[in-house]
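This chain uses plain numbering: 1 for the first residue, then up along the sequence. The figures here come from the full heavy-atom set of this structure, side chains too, leaving out hydrogens, waters and symmetry mates.
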Amino acid sequence: MTGVSRWTGREAELLRLAMRRTARDFAALIGVNPRQIPRWRGRGETITLELGNQAALDTLLAQAGAEIQHRFAALLTERAAAGADQRAEELLRTVPRALRHPGDAKLMTLVEEGIYLSGPGNRSVWLDSFLIDVHPTTNDDYARFVREIGHPPPNHWPNGRCPAALAGHPVVWVTWHDATAYARWAGKTLPTEQQWEKAARGPSGRIYPWGNEPTAAKANTAEAGIGTTTPVTRYQSGVSPYGTFDMCGNVWEWCSTREEASSARHHLKGSAFTSPFERAAPSLHNTANATMQDNDTGFRCAAAAP
């Protein structure tokens, strides 16, 4: 892993959060006075750390376990996705998995090859490496696709234009055919049902992306009472081991997998804001006709691993 050319107080704080350390413990790991940590936190991006401290943070990040690196990547990803954050982008390049796809410029994460536990019965399944979008496709992402190739816009856009207030929300009212057309335009595919599930549960078969505890507050399901979609970066505490957001709740997501070889029905994963939390487990199955569209159905894309 390469070093980071410039750490600010904010990035140091994100690493501390990813490591789940107290300020005192974190200070001891990088060899500074514990009083420095709240000072860095308070100054945020306005303070550039001394070279010795930057080197210590580079080393700490490089030697951190995979789970810590995933959490750090998720925190940075949330910042990068919220806007053009050059610092977050720079740091993301030092963390395994995260990259921007050249087709639609969306952040993607690498899911390595290997066995994972699949379905309600936790059957062992081997998958090759692949990339998957960190976030569902947003209205803003879809608007670029609509503009560039003249694809029909979703029917909830007034006058066929993406509402500014919904730019960062997942696109909905899209059929499987719409989702597939976007993926083709971006140089991607829809994920298979198994790819989607592994990205959500990790290799060890978590019940939920965040672990095995049924914590409804970590997802936009019916219990949240919101009654509509939410920004794709909102539920940071609900990210998967690979740093993917909204793998429970917000919107159902189309997959490329057919229900049967000759069927017009395709799998949907993840549940939605309309779903009870009991339907949110990523191992559960759901299917719909490829022509179905609704206010709680969207998608994300996958791609071949580099």
Side-chain angles (χ1 to χ4, degrees), residues 1-100 107-114 129 131-132 134-135 199 201-204 206 209-213 218 233 235-245 247 305-306:
M1 181 182 296
T2 58
V4 177
S5 61
R6 185 174 71 89
W7 286 82
T8 69
R10 178 165 300 177
E11 283 84 43
E13 174 64 9
L14 292 180
L15 181 56
R16 183 187 73 80
L17 292 172
M19 297 184 73
R20 297 176 178 172
R21 295 279 188 165
T22 65
R24 181 174 296 277
D25 289 345
F26 189 65
L29 289 171
I30 54 181
V32 299
N33 189 304
R35 295 179 181 176
Q36 288 281 67
I37 306 304
R39 176 172 171 265
W40 291 351
R41 182 170 59 241
R43 295 281 300 278
E45 293 182 344
T46 66
I47 182 172
T48 301
L49 307 188
E50 296 178 0
L51 292 178
N53 294 333
Q54 292 191 45
L57 289 164
D58 282 341
T59 300
L60 196 59
L61 177 59
Q63 294 178 348
E67 188 170 353
I68 291 172
Q69 290 179 344
H70 301 168
R71 287 198 295 265
F72 185 57
L75 290 166
L76 289 168
T77 296
E78 184 176 18
R79 288 179 55 199
D85 190 330
Q86 186 175 358
R87 285 295 304 131
E89 294 281 1
E90 181 181 352
L91 276 167
L92 275 168
R93 287 194 290 270
T94 74
V95 181
R97 299 193 174 95
L99 56 86
R100 278 202 186 274
L107 287 164
M108 302 194 81
T109 187
L110 175 65
V111 179
E112 298 98 337
E113 67 178 8
S129 298
L131 296 169
I132 192 165
V134 170
H135 304 96
R201 301 180 67 193
S204 59
R206 292 179 175 184
W210 55 84
N212 294 324
E213 295 299 318
K218 293 180 182 289
T233 59
Y235 288 94
Q236 192 276 324
S237 65
V239 299
S240 80
Y242 295 106
T244 51
F245 285 64
M247 305 303 269

(Q) Within the structure provided, determine whether Ile37 and Val32 are in side-chain contact (heavy-atom separation under 4.5 Å). (A) yes
Q: State whether the side chain of Ser129 and the backbone N or O of Ala305 hold a donor-acceptor pair below 3.5 Å, judged by distance alone.
A: no
Q | From Ile30 atom CD1 to Trp7 atom CH2, the distance as rounded to the nearest 0.5 Å | A | 9.0 Å
Q) What distance separates Arg206 CZ from Met247 CE, expressed to the nearest 0.5 Å? A) 12.5 Å
**Q.** N/O donor-acceptor pair under 3.5 Å between Thr109 side chain and Gly243 backbone
**A.** no
Q: With sequence neighbours left out, write down each residue that passes side-chain hydrogen bond (donor to acceptor under 3.5 Å, both in side chains) with Arg16, or none if nothing qualifies.
A: Glu13
Q: Mind listing the closest non-hydrogen atom pair of Ser240 and Ala199 along with its distance?
A: OG-O, 2.8 Å
Q. Rounded to the nearest 0.5 Å, how far apart are CG of Leu51 and CG of Asp58?
A. 10.5 Å
Q) Looking only at heavy atoms, which two atoms of Glu213 and Trp210 are closest? And how far apart? A) O-NE1, 2.8 Å
Q. In Å, rounded to the nearest 0.5 Å, how long is the span from CZ of Arg201 to CG of Asn212?
A. 8.5 Å
Q: Please list, chain by chain and in numerical order, all residues satisfying side-chain hydrogen bond (donor to acceptor under 3.5 Å, both in side chains) with Arg43, sequence neighbours excluded.
A: Thr46
(Q) Using the side chain to side chain contact (heavy atoms under 4.5 Å, CB included) criterion, which residues pair with Ala28? Sequence neighbours excluded. (A) none
Q: Report yes if the side chains of Leu57 and Glu11 come closer than 4.5 Å at any heavy-atom pair, otherwise no.
A: no
**Q.** Test side-chain hydrogen bond (donor to acceptor under 3.5 Å, both in side chains) applied to Arg20 - qualifying residues, sequence neighbours left out
**A.** none
(Q) Just to verify, what does Thr59 make a side-chain hydrogen bond (donor to acceptor under 3.5 Å, both in side chains) with, not counting sequence neighbours? (A) none
(Q) Please find the pair of heavy atoms, one from Gly9 and one from Leu49, that lie closest to each other, and give the distance. (A) N-CD2, 4.2 Å
Q.
Please find the pair of heavy atoms, one from Gly202 and one from Pro241, that lie closest to each other, and give the distance.
A. CA-CG, 3.9 Å
Q | Spatial distance of atom OH (Tyr242) from atom CG (Leu131) [nearest 0.5 Å] | A | 12.5 Å
Q | Distance in Å, Leu29 CG paired with Met19 CE, rounded so as to fall on 0.5 Å steps | A | 5.0 Å
Q) Can you name the residues that form a side chain to side chain contact (heavy atoms under 4.5 Å, CB included) with Ala18, not counting sequence neighbours? A) Ile68, Arg71, Phe72, Leu75
**Q.** Nearest heavy atoms of Gln236 and Phe245, plus distance in Å
**A.** CA-CE2, 3.7 Å
